[in-house]
**Student:** 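Sharing a structure with you now.
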Amino acid sequence: MRPLDGKAAIITGASSPEGIGAAIARRLAGAGARLLLVADGPAESLEAVARECAGIQGGADAVAPLVADLADPAAAVAMVAEAERRFGRVDLLVNNAAVRSFKLFGEYSAAEFDLAVAVNLRAPFLASQAVLPAMRRQGGGRIIHIASQLGSVAAATRALYGMTKAALIHLAKSMALELALDNIQVNTVSPGPTATRPILDRMRNAPEASAQRLSGVPMGRFGQPDEIAEVVQWLLTTDASFLTGHDLVIDGGYTIH
């Protein structure tokens, strides 16, 4: 038996093959979970990740893609309804989708603020509320928000992104407090600089800026998406059921100095 056989999970932001969401999807598929993978596109990329995960999971109907714009307040609720329709249950929720807008403070527009809050904070909030009835019926569940080390420390041009991630960390603590007696564990995972597509592009297009960012990482390298995914898988499969309301930072030492 694989540790997640019979379980169903929703993962948002899973369309980029080089991304953390896709890495999490591969890990959970290998552990036996049935998956609903949600992203705003491109559809072809999301479908390719879903096919790959179905091959890993071993069930043709065990992994489904869903294109949805999580900036729409109705999308988070609709994706939970779709997972219940397909799988009859929702045991695990990984809120990974996020948007990034890096500008000096004073240069952000109201539209950029609204979009960041809508995707990075409102969507996880509404999705987490939407899964509660299913998790309560099943006797429990696990929710993980993918936050960021920038939710704990400040960095230039990261005020808006960091604000939403700090709020997400606090949300997880509040949820953990209120949902503990429902046997619903809620934690955040906060990656540091990770070699996803945006960072890979920056390394190629702005090597000096990338080197400066890397200089703040004591390990001297960027993290790999699968390193983040491994920790998420552990949180979703571990027998350490006393662990809730925790922010697990995986940043190569970025925040310790």
Side-chain angles (χ1 to χ4, degrees), residues 3-4 9-31 33 35-39 45-46 49-50 52-53 56-57 63 70 92-100 119-121 123-124 127-128 142-153 155 158 161-162 164-166 168-169 171-172 185-203 210 213-214 216-238 240 243-256:
L4 295 179
I10 300 171
I11 305 171
T12 68
S15 62
S16 172
E18 302 96 343
I20 290 172
I24 293 169
R26 295 183 193 104
R27 282 269 178 178
L28 299 193
L35 305 175
L36 182 69
L37 306 182
V38 184
S45 179
L46 181 62
V49 173
E52 180 186 5
C53 290
I56 295 169
Q57 207 275 355
V63 183
L70 290 173
L92 313 169
L93 172 64
V94 181
N95 290 306
N96 169 70
V99 296
R100 297 165 176 82
V119 177
N120 297 3
L121 187 58
S128 298
R142 299 189 184 189
I143 299 171
I144 294 179
H145 304 315
I146 305 299
S148 169
Q149 95 282 9
L150 294 173
S152 300
V153 297
R158 304 299 198 269
Y161 181 74
T164 61
K165 294 302 187 177
L168 198 58
I169 292 167
L171 174 62
Q185 293 172 252
V186 187
N187 294 287
T188 52
V189 170
S190 288
T194 305
T196 57
R197 175 49 53 191
I199 281 188
L200 293 173
D201 289 343
R202 199 175 305 127
M203 289 171 66
S210 294
R213 183 87 183 278
L214 193 59
V217 181
M219 284 189 173
R221 66 175 179 86
F222 292 117
Q224 295 299 315
D226 193 58
E227 293 180 294
I228 312 304
E230 182 177 5
V231 173
V232 173
Q233 179 187 358
W234 178 78
L235 283 171
L236 295 177
T237 57
T238 181
L243 174 61
T244 196
H246 181 68
D247 178 36
L248 186 50
V249 180
I250 316 166
D251 66 353
Y254 184 99
T255 57
I256 62 176

**Student:** Considering non-hydrogen atoms only, spot the tightest contact between G192 and D251 and give its length.
**Tutor:**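 Result for this residue pair: CA-CB, 3.6 Å.
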**Student:** If we ignore angles and hydrogens, is there a donor and acceptor under 3.5 Å between the side chains of H246 and N187?
**Tutor:**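 Not at all, the side chains of H246 and N187 share no donor-acceptor pair under 3.5 Å.
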**Student:** To the nearest 0.5 Å, what is the distance between OG1 on T194 and CG on D226?
**Tutor:**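 Those atoms lie 11.5 Å apart.
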**Student:** Out of V63, L92, V94, which one pairs with L35 under the side chain to side chain contact (heavy atoms under 4.5 Å, CB included) rule?
**Tutor:**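 Between L35 and the candidates, side chain to side chain contact (heavy atoms under 4.5 Å, CB included) is satisfied uniquely by V63.
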**Student:** A side-chain contact here means heavy atoms from C-beta on lying under 4.5 Å apart; do V217 and P193 qualify?
**Tutor:**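 A side-chain contact exists here, since the closest heavy-atom pair is under 4.5 Å.
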**Student:** When you measure from the side chain of E18 to the backbone N and O of A195, does any donor-acceptor pair fall under 3.5 Å?
**Tutor:**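 No, because the side chain of E18 does not come within donor-acceptor range (under 3.5 Å) of the backbone of A195.
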**Student:** For S128 and H145: C-alpha separation, side-chain torsions, deciding distance, then whether side chain to side chain contact (heavy atoms under 4.5 Å, CB included) applies.
**Tutor:** CA-CA 10 Å; S128 298; H145 304 315; 3.4 Å; yes
**Student:** Evaluate the side chain to side chain contact (heavy atoms under 4.5 Å, CB included) criterion for residues S16 and T196: first the C-alpha distance (whole Å), next the side-chain angles of each, then the deciding distance (0.1 Å), finally the verdict.
**Tutor:** CA-CA 9 Å; S16 172; T196 57; over 6 Å; no
**Student:** Please answer whether the main-chain N or O of A97 pairs with a side-chain N or O of T12 as donor and acceptor at a distance below 3.5 Å.
**Tutor:**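 Checked: pair present.
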**Student:** When rounded to the nearest 0.5 angstrom, what is the spacing between CD1 in I143 and CG in L93?
**Tutor:**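 Reported value, rounded in 0.5 Å steps: 5.5 Å.
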**Student:** Under 3.5 Å, side chain of R142 to main-chain N/O of L235, donor-acceptor pair present?
**Tutor:**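 Side chain of R142 to backbone of L235: a pair is present.
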**Student:** Answer yes or no: is there a side-chain heavy-atom contact under 4.5 Å between R213 and Y254?
**Tutor:**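 Yes, side chains in contact.
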**Student:** For the backbone of I146 and the side chain of K165, can you confirm whether one donor and one acceptor N or O come within less than 3.5 Å of each other?
**Tutor:**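 Confirmed, K165 side chain pairs with I146 backbone.
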**Student:** Which pair of heavy atoms, one from A39 and one from A14, lies closest together, and at what distance?
**Tutor:**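 Between these two residues, the closest heavy atoms are CB-N, 4.1 Å.
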**Student:** Between P191 and Q149, what is the shortest heavy-atom contact and its length?
**Tutor:**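 Heavy atoms only, the tightest pair is O-OE1, 2.7 Å.
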**Student:** From I11 CD1 over to R27 CZ, what is the distance, rounded to the nearest 0.5 angstrom?
**Tutor:**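 Here the interatomic distance stands at 12.5 Å.
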**Student:** Ignoring hydrogens, what is the shortest heavy-atom contact between N95 and A127? Give both atom names and the distance.
**Tutor:**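 Result for this residue pair: OD1-CB, 3.8 Å.
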**Student:** Name all residues meeting the side-chain hydrogen bond (donor to acceptor under 3.5 Å, both in side chains) criterion together with N120; count only those two or more places apart in sequence or in a different chain, and write none if there are none.
**Tutor:**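 Here the qualifying residues are T164.
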**Student:** Please determine which of L248, N96, L236, V231 meets the side chain to side chain contact (heavy atoms under 4.5 Å, CB included) test together with I144.
**Tutor:**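 That would be L236.
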**Student:** Quick one: closest heavy-atom pair of I169 and S148, and the distance?
**Tutor:**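 Between these two residues, the closest heavy atoms are CD1-O, 4.2 Å.
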**Student:** What pair of heavy atoms forms the shortest contact from L70 to A123, and how long is it?
**Tutor:**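 Where L70 meets A123 most closely, the heavy atoms are O-CB, 3.6 Å.
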**Student:** With side chains defined as the heavy atoms from C-beta onward, is the minimum distance between Q233 and I24 less than 4.5 Å?
**Tutor:**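 No. Closest side-chain heavy atoms not under 4.5 Å.
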